Every structure is written in structure tokens, then in C-alpha cells.
Amino acid sequence: MRVLVAMSGGVDSSVAAALLSQAGHDVVGATMRLWGGASDSGCCQVTDVIDARRVCDSLGVEHLVFDMTEEFERAVVDNFSESHQLGLTPNPCVECNRHLKFKEFMTKAQRLGFDRIATGHHVRLRHDTDTGKALLLRGLDRKKDQSYVLSVLSQEMLSKCLFPIGEITKEEVRQYALKMDLRTASKPDSQDLCFVSSRNEAAGRGAFLKERIVLHKATLVEEKTNTGLGEIEAMELLTVGQRKGLSFSAGVRKYVTRIDIQERKVFVGSEDDLLVDEVELREKTFTGSSLAVGMKVEVQVSAHGKERQAIVSDKGIIFKSKSRKVAPGQIVAIYDQDRVLGSGVAC
Amino acid sequence: MKDADIHHAFDGGGKRIYFDHCATTPMYEEVKDLLGSWLRSDFKNPSGLYKTSRILRRSLDDAREELAKEFFCRDTDIIFTSGGTESDNAAIYGLSGSRESSVGEGLSPVIVSGIEHEAILRPAQFLGASVVNTHPNGSLDLDHLEDLLKLRKSADTVLKLVSIMAVNNETGVIQPLSEAADLVRSYFPDAFIHSDCVQAFSSRDIAETAALADALSFSAHKFGGPIGVGALVLKKQARKSFIPFMRGGQQERGYRAGTENLPAILGMAKAASLCATGKETELKNLTLLAERLLTGLKSIDSNISVVGRDSAKVAHIMLLHIPDIRGEELCYLLDVEGIEVSTGSACAAGAREPSHVLLSMGWGTKEAKEVIRVSFGRTNTEAEVDEFLRKLQKAVRALRA
């Protein structure tokens with residue numbers, strides 16, 4: 001098959017390209033230039049592009065670079081900023097997968113005559129012989145599993161993908177890269193939020209958003225008693241469930257329970273005040289068919305979070321036992337054991 | 001990669017169709033022979049005091065005289081450089097006065113057109129230069145140039161340098177240099193006019209340009225010479241004000257230090273003379289090829305248009321706008337088919353960026369990414385144009401599917 005491998009310049013996608021090439025596929029590597037758009041001060045990670053190109057050189061396959069900065073700016077960065085403006089907690093990595101890798105990149109690959117695209121994500125694909133559908137499973141290496149950020153993929157997208165890395169552990173990926181003498185073998189794992197360049201992500205995120213959205217002061221309100229507790233800066237940078245960054249007298253632990261952007265109020269309470277029975281979901285997507293109400297599932301509400309037992313409801317999902325509130329805007333990935341069934345955005 | 005692999009990649013050169021002569025041109029066989037024999041010899045430093053050095057020195061001076069004929073200047077006007085980019089940088093930094101006086105408050109003493117090569121634009125922008133707007137037809141906006149001149153006149157500030165290229169390397173549009181020079185000199189008789197002739201030399205007769213500019217840039221590999229060598233022509237008055245960019249030894253009379261790249265310089269002189277001799281016939285042939293291409297394009301897709309087609313332009317450089325098709329994708333498919341064309345300029349990562357020339361002509365970024373540049377050279381044939389048209393049709397169909 002002709003396979004276009006999305007190569008970030010990291011070890012996972014390097015090995016993905018190597019494995020596919022070795023398996024006899026007609027492989028071409030491609031790096032998306034994502035950041036470096038109008039609002040960036042520097043260029044993209046040129047050294048990462050060089051890594052990807054040199055890995056391709058050593059594999060004897062072609063390497064292409066696509067300029068996708070505008071698409072990235074629109075679908076990921078603008079969405080990130082706008083979500084924060086609305087007091088939501090966005091998932092930029094999920095949006096990047098949904099709009100860039102598995103849409104723009106995929107359609108580009110099809111136009112250029114490729115049969116499949118491949119990435120270095122730690123997930124597995126299986127073919128359901130009964131339905132003829134592609135099934136998306138968690139990666140073999142549970143610690144490195146990336147199925148959460150791919151939970152928004154549709155059946156149509158999945159049918160055109162290959163994920164060779166999900167079949168082996170991260171340790172094996174590195175060993176393979178060393179054996180193949182790939183220059184990315186010892187490269188550290190990439191961080192989230194590639195476009196916010198700061199070692200301290202929290203501070204970097206604030207500085208990044210400050211230039212793009214209007215940050216407002218808000219009144220801190222005790223959730224239970226509805227009493228004012230003073231003022232807080234930049235309510236748009238807060239997230240439901242957050243404790244850090246809220247200044248209270250020593251020993252008092254309070255969490256953000258709710259953010260009311262309209263009223264400019266940030267509600268806080270104890271950890272117990274965060275517990276809820278259910279979560280309403282919007283923008284639901286399914287990897288196969290839609291889910292029946294009452295179905296027993298597991299849900300995961302962050303990239304490497306623990307799964308929680310739940311039941312599908314007409315509005316979203318109901319937790320089996322009271323569970324910590326999901327920040328509005330977060331993706332809720334729905335599983336049946338290892339299999340990804342779909343996702344929704346927490347309301 | 002082993003040398004053998006590299007040679008293997010180029011063995012297929014005969015089968016591949018090269019339509020990217022604006023990027024670089026194949027060297028003349030005579031130039032290859034000349035370079036080969038020089039590189040195999042044990043040459044000396046031309047600045048040496050011994051007989052063998054003096055022979056080399058004489059070759060250098062002969063080459064300078066030979067080039068002076070082709071560049072329509074005096075041999076003493078020629079300063080050898082490492083290529084077009086160095087010549088352009090040297091002109092901008094060297095003729096804009098001291099750097100201190102250039103950067104800072106007030107109106108810049110430098111004006112450049114918005115469609116200059118990055119080798120002019122970047123140093124000019126670094127110095128805070130004013131940039132002349134571009135007409136949608138691809139030529140610089142003389143009215144805006146006059147506005148910029150008036151502004152300086154009324155503010156009683158100096159103007160040191162105006163740089164306007166002769167032929168644009170992306171669109172082939174010939175710039176109204178003569179009108180621009182008249183304008184500049186009517187306001188500022190002492191300002192220098194520099195013209196980047198890197199694309200122009202092989203594309204048209206440069207006698208007029210050479211006569212009216214105080215400084216000109218050339219690059220050998222754009223006219224069948226070797227890569228890594230070029231020239232900056234500085235007329236006497238410009239030379240007097242020139243602040244050298246590369247300092248060191250007294251080579252090039254102190255205007256450009258560094259041991260002369262003699263084999264490359266001799267190759268450039270040879271190429272310039274071959275190019276000039278064959279130019280008239282060559283350009284006629286290339287114009288015929290361009291006409292053949294344009295006729296063929298009409299039958300492929302009536303939406304394909306040539307950028308700047310209503311302007312005075314050289315025929316064999318064609319920036320084709322193909323609506324709703326990304327240039328980088330089309331280039332890839334053509335490359336797979338063995339056809340070499342270009343699109344936009346590359347960023348540091350190798351991604352294609354929208355052309356600043358098109359953006360300055362008022363194009364949107366989407367449309368600016370829907371172009372490929374086709375540029376013909378002396379080795380191209382009618383059969384290649386026909387083959388290109390077939391492959392282009394196939395690729396456009398695949399991308400539109």
C-alpha cells in the first residue's frame with residue numbers, strides 16, 4: 001500500500017515509518033508545519049523537521065513538508081483561545097487530531113494518491129469481520145495509551161489509518177529505534193500544548209492567552225453559602241476542579257466548582273462539592289455506531305486519567321458512583337473495556 | 001549518501017523535465033570543462049608575488065574585463081562576491097550610509113520595492129526601509145514611490161538608496177526602472193539606484209538597466225555559470241560612498257576581502273559571454289515554447305491564468321494560477337511524474353510559504369498558495385512542453401477528483 005506517515009520528528013512516528021517501510025509498504029514521510037502562523041514570534045520546530053527528514057533519508061524514503069499553519073491557527077489555536085474566553089477547558093491536542101491530522105492531512109494524502117495515512121499514536125486498530133468495521137483499541141502499552149486524544153475519530157477516518165506503534169510498548173519502540181540507529185531513538189517525549197512555548201506551562205498559557213483574549217476579574221463565591229470571598233484575576237484562565245492558584249488562608253482547601261462568565265463569578269467549594277452524578281455531553285461522535293441508552297461503559301475524562309464506570313443516558317452519561325465533575329469543554333472518551341466507542345464534549 | 005547515489009539520481013536527468021530555470025540553470029559544457037581543468041590543477045593564491053600567481057592574477061583581470069563587456073560597465077566597477085545574495089546584501093548595507101544613521105526614528109534613507117528578492121527585502125527591512133507598494137499587475141506602484149519621495153523631501157531628510165529589481169524572479173514582470181529612476185533623481189539627484197539583475201541577465205537585454213543604475217547585482221548560476229559566485233557592479237560615485245561589508249585583506253581593492261574564488265570567477269565570465277552571445281536567438285526560442293505552453297493550457301483548464309499577463313514581462317517565466325489547487329500538492333504529483341517546477345519560497349523547515357510577491361500584489365494567502373512557477377531555459381524542447389501539458393492535465397484531474 002502507499003502510506004503517507006505523519007512524522008513529527010519524534011521517536012514514535014520515526015519507528016512507525018520504519019516498521020511500515022520494513023513491512024514492504026510504499027512509504028512517504030510528511031511533516032506538517034503547524035505553528036509559525038501570523039501570531040507566532042518565531043518559526044516552527046525546524047530541528048524536528050530535520051529529524052524527520054533525516055530519519056526518512058536513513059530509511060530511504062521520501063520526505064515532504066506541508067505548510068498547514070493557517071489550518072492549525074484556525075482549528076486549534078483560535079479554538080483554544082475562544083474556548084478560554086467562554087470559560088471552557090479545551091483539548092487542543094484532540095482538536096489537532098480531529099481537524100489537522102485526520103482531516104486536512106488525510107484528505108491531502110488521498111488527493112496525492114495514498115491509500116492510507118499512518119501516525120505514531122499508541123493505539124491499535126482491529127477489523128471486525130462481522131460488521132466490516134474498523135475498531136479502535138487502546139494501545140498495548142497502557143501507560144502510553146493515546147486512545148483518549150483519538151476518541152473523536154469517525155469510522156470513515158479510522159478505515160484509512162494505520163497505527164503500527166500501538167502494537168508494541170514504548171520500551172520496544174525505543175529499542176527498535178536504537179537497533180535501526182534512528183537519530184530520534186533517545187529523543188524525549190513531546191509535551192502537550194506545542195504552541196505555548198514555555199517551560200512553565202501554566203505561566204506560558206496565561207501569557208499566550210493574555211495576548212489573544214480579554215481577561216476579566218471575577219468575584220469569588222462560596223458555592224454552598226453563596227457568599228462573596230473577594231476578587232480573583234483572570235477568571236478565563238481557571239478550570240473547574242482547579243485548586244492551585246486560588247489564595248486562601250493556610251490549611252483551607254478549596255476548588256473551583258463552577259465559572260459563570262456572564263456574571264463574572266467563580267464559585268469555589270470543598271472537594272465534596274465537586275462530586276456529581278452525571279455529565280451532559282454535546283458534539284457526540286462515535287467510532288462505529290451510536291450508543292444505546294442504558295449501555296454499561298467506562299469513561300475517561302483526561303488524556304491519562306483513570307477510567308470510571310458509567311451508563312449511557314440520553315443526555316450523556318451517568319456515573320455508577322458519584323464522581324468528580326468534568327470541566328466544561330473537556331472531552332469525555334467512552335470505552336467498552338479496551339475499545340473506544342466514541343466521545344463527547346462536557347457541557 | 002554516497003557520491004555514487006548522487007550521480008545515480010542525476011543519471012535520470014535526461015528523462016526528467018526541468019522547468020525551474022529561475023532557481024538555477026544547468027552549466028554550459030564549456031564552463032564545466034573549464035572548471036574541471038582548473039580544479040584539477042595546483043593553483044596558487046592570485047595575490048602571490050611569484051610568476052605562477054601573476055598568471056592567475058592576469059586570468060582574474062581578464063575575466064573582469066570580459067564581464068565588464070557583458071555587464072555594460074567598466075572593469076573597475078566589478079566586485080566579485082559569493083553570489084546574488086551577497087551582492088544584494090552588500091548593496092543595501094554598503095550604500096545606505098552608516099548603520100547607525102539608518103536604524104531608528106524618522107524616515108529611512110532606503111526605499112525598496114515590495115517584490116524584491118528576500119536578499120534585498122530582509123536586509124532592507126532590518127534597516128527599517130520603506131517598501132513601495134505593488135500594482136495588482138506585478139509592477140511597482142510609481143505613484144506610491146513618488147509619495148514616499150515627496151514625504152522625504154517635505155521632511156527634509158536624506159535618501160541614500162533605492163533598490164528596484166530589473167525582472168521579477170517569480171512573475172517575470174519587467175519593472176519600470178527607467179521611470180522610477182527619473183522620479184528618484186528628480187527629487188533626490190544624489191540618491192543611488194541599485195538594481196538586482198540576478199534574474200534579468202539571462203532573461204533580456206540589460207543595457208538600459210546597466211546604464212541607469214549606480215549599482216547592480218549578478219549571480220553566475222542563473223546564467224549557466226557555477227553556484228557560489230556573483231558580482232556587484234558599483235559605478236564610481238557609488239564606490240566612493242560604499243561601506244564594505246566583508247573586511248579583511250585587500251582583495252577587490254578592499255571592497256570585498258577574501259581570497260578570490262578564481263575557478264568560479266573564470267566560469268562566470270565564460271558563462272556570461274556564452275549567455276550574451278546566444279541570448280537573442282535563445283529568447284526567441286523560449287518565447288515560442290512559452291506560447292506553445294499557453295495555447296496548451298487553454299485546452300486543459302480555462303481557469304488557469306498567468307500572473308502579470310497584462311504587464312510587460314519576459315515570456316519564459318510563468319507563474320501559473322490554478323484555482324483551488326495547492327501548488328505544493330501539484331508540485332509533488334508533477335515531481336512523481338519526473339517534472340521539476342517550483343512553488344513559492346521555502347521556510348526554514350522546508351514548507352512552502354505563500355509568495356511575498358503575490359501578497360504584495362494584493363493576493364490572499366489561499367490564492368497565493370495556488371500557484372506553480374514554470375521557467376524555461378536553453379535545454380528545453382517543444383516535446384518537453386507537450387509532455388508537461390499531458391502530465392499537468394493528469395495531475396490537475398487527480399487533485400480535482
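Here the structure is a predicted model, which means the values were calculated and not measured. Letters A, B, ... are given to chains in the order of the sequence lines, protein chains preceding strands, and every chain is numbered from 1.
The minimum heavy-atom distance between B:H21 and B:G377, with the atom names listed, is ND1-N, 3.1 Å.
The aromatic rings of B:Y93 and B:F245 lie parallel to each other, with less than 30° between the two planes, well short of the 60° mark.
Neither the backbone nor the side chain of B:R400 has a heavy atom closer than 4.5 Å to any heavy atom of chain A. Residue B:E328 touches chain A through its side chain alone, counting heavy-atom pairs closer than 4.5 Å. Residue contact with chain B, scored on non-hydrogen atoms closer than 4.5 Å, involves the side chain of A:L64 exclusively.
No side-chain donor from either of A:E62 and B:Y332 sits under 3.5 Å from a side-chain acceptor of the other.
Judged by distance alone, the side chain of A:S159 and the main-chain N or O of A:E156 form a donor-acceptor pair under 3.5 Å.
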